[in-house]
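Below, chain A is the first sequence line, B the second, and so on; all start at residue 1. The figures here come from the full heavy-atom set of this structure, side chains too, leaving out hydrogens, waters and symmetry mates. As the structure is a prediction and not an experimental result, all values here were calculated from the model.
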Number of protein chains: 2
Amino acid sequence: MATDRRKMIVEAAGKSFSMFGYKATTMDQVAKLAGVGKGTIYTFFKNKEELFEEIVSSLLKEMKAEAEAVIQPELPFAENVHRALYRLLEFRSHHQLMIKLIQEEKEMGTLAVSEMLQHIESEIIAYLKEKMKAAIAKGAIPAFDPEITSFLLFKMYIALVFDWEKNHEPLSSERIAEIMKALLLKGLSQ
Amino acid sequence: MATDRRKMIVEAAGKSFSMFGYKATTMDQVAKLAGVGKGTIYTFFKNKEELFEEIVSSLLKEMKAEAEAVIQPELPFAENVHRALYRLLEFRSHHQLMIKLIQEEKEMGTLAVSEMLQHIESEIIAYLKEKMKAAIAKGAIPAFDPEITSFLLFKMYIALVFDWEKNHEPLSSERIAEIMKALLLKGLSQ
DNA sequence: AATTGACCAAAAAACTAAAATGGTCAATAA
DNA sequence: TTATTGACCATTTTAGTTTTTTGGTCAATT
């Protein structure tokens, strides 16, 4: 059945991109892994890049769903950041792809990957920005520029998750979520 | 006179590294620009990498001096961050070299440059960490882990100065300093 | 004693040939 | 008739080779 084949392809591509990155994933490989002929892939996806987009956008959808599942509007903003972050960090499969893509961008500079990371970044920031605007409207947080603040929130997250462990022992999910909550809650005042 | 020659070399190298980066700066070029024979460079510096180190460490020294000049221990911590940051940001010459190095690391991955950026990062973070420890000891800021906090402070700074302008209009020095001060002062609470 | 630049080994760049890959489509299977 | 396939091809990537450039030395010169 057509739907089954499509699912097989998406699954195979997802695994392959996560394991080998974009460049090192070949269409022949994906076809073999999915157990279909190479041509079949092209009945569902215009080209490799569109297949990649499918994988990434479903990842983003999943991440959004995960976040929504734990956010409770009546809780303090910082608490929700903590909950969403912690939940997200527990999904190692999400991370596997992100790690691979970040690595590939750094050491090979693959254009399609750079563009996709850029896209992921702007999606996440846009999401944060909306949450933040709502919180400001409710008077729950001070009215800083939400564009800049969500940008910074995202960069802090990336720094803690991906940069910190270049020179230190990795931080646990709990620790990361805790740090961001503490900083956001009180800043460094008093 | 020997001192004069050395100064000429350092000046020439500084300009060249800032304009062309590490890789694209040749020793012949530096010699010509400094108006000395190439061999003369090697009477002052063991090799290209040591010349590079001289440039960078004098940059770091300057930056430290600039910061010290405006920091006033009796002011609030966030206010001092604001002052130091603003002062630093006004020195475009410092930045020219940093910009070039960050760019070179990204698009050519020159090893010597990566190592140097790593070194610069750890120097700045160590400096921040000391300041932070002192502030904690005085009870001026909460006792978060200074290693992590100074790491985050640095990453925020880099994000605002170098990453923000990839997709937005650059922020003014005043704005950047203001944002960091506001966030550090109050966080996103209330 | 200090300085230099021709010189050299080693590294990088340019070039070329060979292999791999994305995408197509006539043949095949369902 | 429709969905699927994999041999095939143009293009890109990689591997191998040659040429050029560059960091560093040191005998000659100032």
Minimum-distance nucleotide (side-chain atoms of B:Thr40 versus C:dT4, D:dT5, C:dG23): C:dT4
5'-most by nearest nucleotide on DNA chain C - A:Ala24 or A:Lys46: A:Ala24
Interatomic distance, B:Asp4 CG vs C:dA2 C1' [rounded to whole Å]: 14 Å
B:Lys48 (side chain) and D:dG24 (base): donor-acceptor pair under 3.5 Å: no
Length of the CG-P vector between A:Asn47 and C:dC25, whole Å: 15 Å
Atom pair distance, as rounded to whole Å: CE in A:Met8 and C1' in D:dT4: 15 Å
Between P of C:dA20 and CD of A:Gln29, the distance in whole Å: 14 Å
Rounded distance (Å) that lies between atom C1' of C:dA11 and atom CG of B:Leu111: 14 Å
Flag, side chain of A:Trp164 to backbone of B:Ile148, donor-acceptor distance under 3.5 Å: no
A:Lys32 NZ to C:dG22 C1', straight-line distance once rounded to whole Å: 15 Å
First of B:Tyr42 and A:Gly35 reached from the 5' end of DNA chain D, by closest nucleotide: A:Gly35
B:Tyr157 and B:Phe162 aromatic ring geometry - parallel, tilted or perpendicular at 30°/60° bounds: perpendicular
Aromatic ring pairing A:Phe151/B:His168, orientation class (parallel under 30°, perpendicular over 60°, tilted between): perpendicular
Phosphate-side-chain proximity, A:Arg5 and D:dT5, N/O vs OP1/OP2 below 4.0 Å: yes
Touch class at under 4.0 angstrom, heavy-atom based, for B:Lys23 against every strand present: sugar-phosphate
Proximal nucleotide (of C:dA6, D:dC8, D:dT5) relative to the B:Lys38 side chain: C:dA6
Value in whole Å for how far the P atom of C:dT4 lies from CG of B:Asp28: 13 Å
Along DNA chain C (nearest heavy atom to each residue), the more 5'-positioned of A:Thr26 and B:Thr43: B:Thr43
Euclidean distance, atom CZ of residue B:Arg6 to atom P of C:dT3 [Å, nearest integer]: 13 Å
Pair A:Ser18, A:Gln96: side-chain N/O donor-acceptor within cut-off below 3.5 Å: no
Over-ring placement of B:Lys48 relative to B:Tyr22, 6.0 Å and 45° cut-offs: yes
